[in-house]
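Counting from 1, the numbers follow the sequence of the chain as shown. This one's a predicted model, so the numbers in the text were calculated from it and none came from an experiment.
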Amino acid sequence: MSRFVRLELVLAREPAERVVAEAWAVGASGLEERDLEDGRTRLILYAPALRADVVLDAARRAAGPGAGIGTPQPVPERDWSEAWKRGLGPLRVSPRLLVRPPFAPAPPGPPERREVVIEPGRAFGTGAHASTALALELLDEALAEAGLVRRVLDVGTGSGVLALAALRLGAEHAWGVDLDPVAVAEARANARRNRLESDLSLVAGPLEALAVFATDLVLANLLRTELLPLLPAIASRTAADGRLVLSGLLAAERTSVEAALAAQAFRVTAERARSDERGERWLALTARR
C-alpha cells in the first residue's frame, strides 16, 4: 500500500492560494502549481494516504463550485536512495560545455570542452529539467556571439548552474541572487566544487538588494509570474548592448513575455523550445535592447 497520495485540481487562480493553505493546514505535504493557458491554475497536492480524505474535503471546500477535482491517486513507492539519481546523467549542452553530477563520469569529449559539476540538492537547476537545459543552450550561444563578457547576473540562481556555466565559458565575474537562503548556500557549495568561488558573488534576498550596475548578460530561469514583475529591475541592471537569456516559460506565454520585453526596449533575437516528459512545452528566449 502506498504511503502517499496525489490529488489534482484545476480551478480559478483566485481560490488557489486558499486551497493550498487549507490543504496544508490539515496535512498536505507537497505541492506543484502551474498557471494554465485559459487563466486557471492546476494544483497537484501530495498528502499521506491516511490524511487523503481530510485533505480532499478541505480542498473541495476551499475551491468552491466550478473546480475540477480528481480522486486521490496512490504515489508509487520508490527506493529514493537511488531513484533520485535517475535521469541525472551528464548533459552535453554543446561541444564546448558539459554539465554533470559528481556521481556520473564525464564521457569522452573534445579537449576544449568545459565542465560544470552540480550536486543535485535542495536548489533547482541540474540540467535535468527542460527549462534549465534550454537556458544553458542559449547561454552558450550568447557567450559565443558576444565575445568578452565581463559581468553576468543570474536572477533566481538556484543551484548556481547558469552562473557557473557562464564563468566556465569565459565570463569574468558572475553575481547570483535568490530569495531562498538555502539556494544561495547550495550555489556557494557548487562554486567551491568547481573552484569558482572567487568568481561568483552571491546575495540572499530580492534583486533590489543588489547594487545597480551595468551587466553584459542577465540570466533568469523563472516562471512567467515571477519574471514579469522583475523585468524593470532587470532592465535597469543591463548594459546598453547587453543580452538577456530567459527560461522557465511555457511556449504559450511567448506573446505576453515578448510584449513585456518590448515595454523595456528589448527584442527577442533567439528562441528554443522543448517538451518535458509530461508533455509541457517549455520556451527559452534571448533578447537584446
Inset, instruction - Could you go through the side-chain contact (heavy atoms from CB on, under 4.5 Å) check for L98 and V116 one step at a time? - result: CA-CA 6 Å; L98 178 82; V116 177; over 6 Å; no
Working to the nearest 0.5 angstrom, can you tell me the gap between [X] [atom1] and [Y] [atom2]?
| X | Y | atom1 | atom2 | answer |
| --- | --- | --- | --- | --- |
| L138 | E145 | CG | CD | 9.5 Å |
| D216 | L148 | CG | CG | 7.5 Å |
| L11 | I69 | CG | CD1 | 7.5 Å |
| S159 | N190 | OG | CG | 5.5 Å |
| T269 | E141 | OG1 | CD | 9.5 Å |
| L56 | L45 | CG | CG | 9.5 Å |

Main-chain N/O of [Y] paired to [X] side chain as donor or acceptor, under 3.5 Å:
| X | Y | value |
| --- | --- | --- |
| D199 | H173 | no |
| N221 | G248 | yes |
| D180 | V182 | yes |
| S247 | S131 | yes |
| R243 | A287 | no |
| R51 | V55 | no |
| R18 | A62 | yes |

Inset, instruction - Before giving the answer on side-chain contact (heavy atoms from CB on, under 4.5 Å), spell out for R168 and L196 the whole-Å C-alpha distance, their side-chain angles and the decisive distance to 0.1 Å. - result: CA-CA 9 Å; R168 274 284 184 257; L196 290 170; 3.6 Å; yes
Legend entry - D53 CG: over 12 foreign heavy atoms closer than 6.0 Å: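 No, CG of D53 has 12 or fewer neighbouring heavy atoms, counting only those of other groups under 6.0 Å.
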Legend entry - V152: which of V245, L200, L219, L167 passes side-chain contact (heavy atoms from CB on, under 4.5 Å):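 Single side-chain contact (heavy atoms from CB on, under 4.5 Å) partner of V152 among V245, L200, L219, L167: L219.
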Legend entry - From L207, L227, L244, L246, residue fulfilling side-chain contact (heavy atoms from CB on, under 4.5 Å) relative to V155: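 Only one of L207, L227, L244, L246 forms a side-chain contact (heavy atoms from CB on, under 4.5 Å) with V155, namely L207.
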Output side-chain donor-acceptor pairs under 3.5 Å for residues 231-240, partner residues at least two apart or in another chain, one line each.
residue : atom : partner : partner atom : Å
S236    : OG   : A233    : O            : 2.7
R237    : NE   : L210    : O            : 3.4
R237    : NH1  : A233    : O            : 3.1
R237    : NH2  : L210    : O            : 2.9
T238    : OG1  : I234    : O            : 2.7

Just wondering, do [Y] and [X] contact through their side chains at under 4.5 Å, heavy atoms?
| X | Y | result |
| --- | --- | --- |
| W282 | L249 | no |
| L162 | L136 | yes |
| E186 | E119 | no |

Legend entry - Co-members of the apolar cluster containing V117 [side chain, <4.5 Å]: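 Besides V117, the hydrophobic cluster comprises nothing; the residue is isolated.
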Does a salt bridge link [X] with [Y], judged by any charged N lying under 4.0 Å from a carboxylate O?
| X | Y | value |
| --- | --- | --- |
| R192 | E197 | no |
| R267 | E258 | no |
| R96 | E112 | no |

Inset, instruction - Provide the closest heavy-atom pair for R100 versus P105 in the form atom of the first, atom of the second, distance. - result: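 The pair with the smallest heavy-atom distance is CD-C, 4.1 Å.
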Legend entry - Any side-chain donor near an acceptor of the partner, T157 and D178, under 3.5 Å: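 On atom types as modelled, these side chains do not qualify, holding no pair under 3.5 Å.
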Inset, instruction - Return yes if a side-chain donor-acceptor contact under 3.5 Å exists between R151 and T215, otherwise no. - result: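 Not at all, the side chains of R151 and T215 share no donor-acceptor pair under 3.5 Å.
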Inset, instruction - Please identify each residue that fulfils side chain to side chain donor-acceptor pair (under 3.5 Å) with E208, with sequence neighbours left out. - result: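 For E208 there are no side chain to side chain donor-acceptor pair (under 3.5 Å) partners, ignoring immediate neighbours.
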Inset, instruction - Kindly indicate, with the supporting measurements, whether the criterion side-chain contact (heavy atoms from CB on, under 4.5 Å) is fulfilled by V19 and R60. - result: CA-CA 8 Å; V19 169; R60 184 179 289 120; over 6 Å; no
Legend entry - Candidate pair R6 and F4, rule side-chain contact (heavy atoms from CB on, under 4.5 Å), full reasoning: CA-CA 7 Å; R6 177 182 185 273; F4 291 90; over 6 Å; no
Inset, instruction - Could you check R42 against E32 for salt bridge (Lys or Arg N to Asp or Glu O under 4.0 Å), going step by step and ending with a plain yes or no? - result: CA-CA 8 Å; R42 183 176 69 196; E32 296 179 39; over 6 Å; no
